[in-house]
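What follows is a short report on a single structure.
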Amino acid sequence: MKNLSPLLLIAFILTLTVSCFSQRMFIGRVVEVIDGKTFVLEVDSGKLTGTLQFIEVPEPEQPLSRIVRDHLQKLVSGKTVEFFPSGLTSKAAVGKMYLNGVDMGQQLVRDGA
C-alpha cells in the first residue's frame, strides 16, 4: 500500500497538467500552412505547430490536397489567430483555431474543403 501512494500522486499531477494545458490559449500570427489542417503559429515565446481537430483533409499524395492547403493558407496566412490546444501529438498541438471568432475547422467544412 505504501508503494501505491507515489503512483497516485504522479497520476494526479499528470491529470492536472493535461487539464491545465487544454485551458491555455495562444494568440499569434500564422507564418506557415503545412497542409490542409496543420500550421505554424508565431507566438511571443517562439513557434508552435498546430493541427486543427475534428477534421480530415486529403493526404499530400491525394487529389485536392493542394487545393485544401491553399484554401486554408488564404484564410489564415499572416493573420493573428487564437489557438486553443486540447492535446498533443508527437508532431503538433491539436486544437481549435479561431480567426475573428470563427472556428477555422468549421469554416473549412462550410467551404467544402
Side-chain angles (χ1 to χ4, degrees):
M1 211 48 165
K2 289 184 179 185
N3 292 337
L4 191 57
S5 295
L7 292 175
L8 288 175
L9 179 63
I10 291 171
F12 180 71
I13 291 171
L14 287 175
T15 301
L16 288 178
T17 304
V18 170
S19 66
C20 290
F21 180 75
S22 66
Q23 301 300 315
R24 173 122 186 175
M25 174 183 65
F26 294 95
I27 297 176
R29 187 172 58 89
V30 177
V31 293
E32 181 182 0
V33 174
I34 297 170
D35 61 29
K37 68 178 185 177
T38 308
F39 55 92
V40 177
L41 191 63
E42 187 175 64
V43 295
D44 292 338
S45 58
K47 292 186 178 180
L48 170 73
T49 302
T51 300
L52 297 175
Q53 69 182 34
F54 304 130
I55 65 167
E56 288 299 322
V57 297
E59 296 296 323
E61 64 276 356
Q62 293 178 321
L64 304 177
S65 173
R66 186 177 191 136
I67 292 171
V68 174
R69 180 181 57 89
D70 291 346
H71 183 66
L72 180 62
Q73 192 167 14
K74 286 178 189 175
L75 288 174
V76 299
S77 188
K79 297 181 181 166
T80 300
V81 298
E82 297 172 342
F83 181 62
F84 294 87
S86 61
L88 291 171
T89 66
S90 60
K91 297 180 182 180
V94 179
K96 292 184 176 186
M97 176 174 47
Y98 292 89
L99 173 64
N100 299 324
V102 177
D103 183 336
M104 288 294 99
Q106 289 180 359
Q107 186 63 44
L108 285 173
V109 172
R110 280 191 292 270
D111 294 342

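Scanning all heavy atoms of the two residues, the minimum distance from Val31 to Lys47 falls at CG2-CE, 4.5 Å. What you find for Glu82 and Ile27 is that their closest heavy atoms are CG-CG1, 4.1 Å. Across every non-hydrogen atom of Ser65 and Glu59, the tightest pair is CB-O, 3.2 Å. Nearest heavy atoms, Val43 versus Phe26: CG1-CB, 4.1 Å. Closest approach of Pro58 and Pro63 over heavy atoms only: CB-O, 3.6 Å. Between Val94 and Phe83, the shortest heavy-atom contact is C-CZ, 4.0 Å.
At a threshold of 4.5 Å between non-hydrogen side-chain atoms, the residues Val30 and Lys79 do not count as touching. In this structure, the side chains of Val57 and Thr38 stay at 4.5 Å or more apart for every pair of heavy atoms. Taking the side chain as every heavy atom from C-beta outward, Asp35 and Pro60 never approach each other to under 4.5 Å. Side-chain contact between Val76 and Gln107 is absent, with no heavy-atom pair separated by less than 4.5 Å.
Rounded to the nearest 0.5 angstrom, Ser77 OG and Arg29 CZ are separated by 8.5 Å. A distance of 11.5 Å separates CG of Asp70 from CG of Leu64, quoted to the nearest 0.5 Å. We find the CG-CE distance between Leu108 and Met97 to be 7.5 Å, quoted to the nearest 0.5 Å.
Residue pairs meeting the ring pair (Phe, Tyr, Trp, His ring centres under 6.0 Å) criterion with at least one partner in residues 44-75, sequence neighbours excluded, are absent.
Linking ILVMFWY side-chain heavy atoms closer than 4.5 Å, directly or via other members, places Val40 and Tyr98 in two distinct hydrophobic clusters. There is a path of hydrophobic side-chain contacts, each under 4.5 Å, that joins Val33 to Val109. Ile34 and Leu99 are assigned to two separate hydrophobic clusters, defined by single-linkage of ILVMFWY side chains at heavy-atom distances under 4.5 Å.
Between the Lys37 side chain and the Ile55 main chain, a donor and an acceptor come within less than 3.5 Å of each other.
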